[in-house]
Amino acid sequence: MSRFFTQDHEWVDVDGDVGTVGISEYAQSQLGDVVFVEVPEAGKQLTKGADAAVVESVKAASDVYSPVSGTVIEGNAALADDSSLVNSDAEAAGWFFKLTLSDPSELDSLMDEAAYAAFVEGL
């Protein structure tokens with residue numbers, strides 16, 4: 001499995017042609033306590049960079065953008081019951097949605113973990 005990041009602080013774990021998408025530890029730390037998450041429904045077509053989900057915190061509401069194009073196969077239902085998973089486990093149990101990648105070459109424009117860590121250090 002490979003993990004990639006965007007400059008908007010989304011991550012995507014890729015396993016075969018399936019990507020699992022969420023927001024980074026850095027993003028959740030900037031948001032503060034998450035109180036609501038809206039994830040896309042299965043079957044929704046997403047294009048790279050398009051609005052895919054919404055996360056609301058005590059500080060602000062933010063759009064989550066799809067790091068790659070594809071078809072949503074699952075939204076994280078656990079977030080409806082416990083949106084704080086985004087704060088407690090942003091890069092694992094707090095994932096937002098899974099999708100089937102329609103163009104794996106889009107991953108080439110994303111950052112690996114080392115490049116993302118350097119990017120965040122420069123903020």
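Reckoned from all heavy atoms, side chains included, excluding hydrogens, waters and symmetry mates.
Between E113 and W11, every side-chain heavy-atom pair lies at or beyond the 4.5 Å cut-off. For the pair D89/W95, no side-chain contact is recorded, criterion being any heavy-atom separation below 4.5 Å from C-beta on. Taking 4.5 Å as the limit, every side-chain heavy atom of F119 sits out of range of all side-chain heavy atoms of F5. The side-chain heavy atoms of L110 and V12, taken from C-beta on, include a pair separated by under 4.5 Å. Looking only at side-chain heavy atoms (C-beta outward), E10 and S24 stay at 4.5 Å or farther from each other. Counting only heavy atoms from C-beta outward, the side chains of L123 and Y26 approach each other to under 4.5 Å. The shortest side-chain heavy-atom distance between V54 and V64 does not fall under the 4.5 Å cut-off. Within the 4.5 Å cutoff, the side chain of K59 has no heavy atoms near those of the Q30 side chain.
Closest of all the heavy-atom pairs between H9 and A27 is CB-CB, 3.6 Å. Here the closest heavy-atom approach between residue S62 and residue L31 is recorded as OG-CD2, 3.4 Å.
No option in T20, V21, D15, N76 other than T20 meets the side chain to side chain contact (heavy atoms under 4.5 Å, CB included) test with K98.
Tracing side-chain contacts under 4.5 Å through hydrophobic residues (I, L, V, M, F, W, Y), one reaches V72 starting from V86; they form part of the same cluster. Note: the hydrophobic cluster containing F4 does not contain Y116 (ILVMFWY, side chain heavy atoms under 4.5 Å, direct or indirect links). Cluster membership check: V18 does not share its hydrophobic cluster with L99, using side-chain heavy-atom separations under 4.5 Å among Ile, Leu, Val, Met, Phe, Trp and Tyr. Follow the hydrophobic side-chain contacts under 4.5 Å out from I23 and you reach V14 in the same cluster.
Proximity of a side-chain donor or acceptor of N87 to a complementary backbone N or O of G32 within less than 3.5 Å is detected. The closest donor-acceptor contact from the side chain of E74 to the backbone of F97 lies at 3.5 Å or more, if one exists at all. Of the possible polar contacts, one joining the S83 side chain to the V35 backbone as a donor-acceptor pair under 3.5 Å is found.
Taken from CG in D13 to OG in S2, the straight-line distance is 8.5 Å, to the nearest 0.5 Å. Atom CD in Q45 sits 9.5 Å away from atom OG1 in T100 (nearest 0.5 Å).
Taking S69 as the reference, T47, K48, S102, E106 meet the side chain to side chain contact (heavy atoms under 4.5 Å, CB included) condition, with sequence neighbours excluded.
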_side-chain contact (heavy atoms from CB on, under 4.5 Å) between V39 and L79, worked out_ = CA-CA 9 Å; V39 298; L79 295 179; 4.2 Å; yes
*Please walk me through it: do E91 and Q28 pass side-chain contact (heavy atoms from CB on, under 4.5 Å)?*
CA-CA 10 Å; E91 295 189 22; Q28 74 79 23; over 6 Å; no
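Residue Y65 is found outside any hydrophobic cluster, as its side-chain heavy atoms come under 4.5 Å of no other Ile, Leu, Val, Met, Phe, Trp or Tyr.
Between T6 and D8, the side chains place no donor N or O within less than 3.5 Å of an acceptor N or O (distance only, hydrogens not considered).
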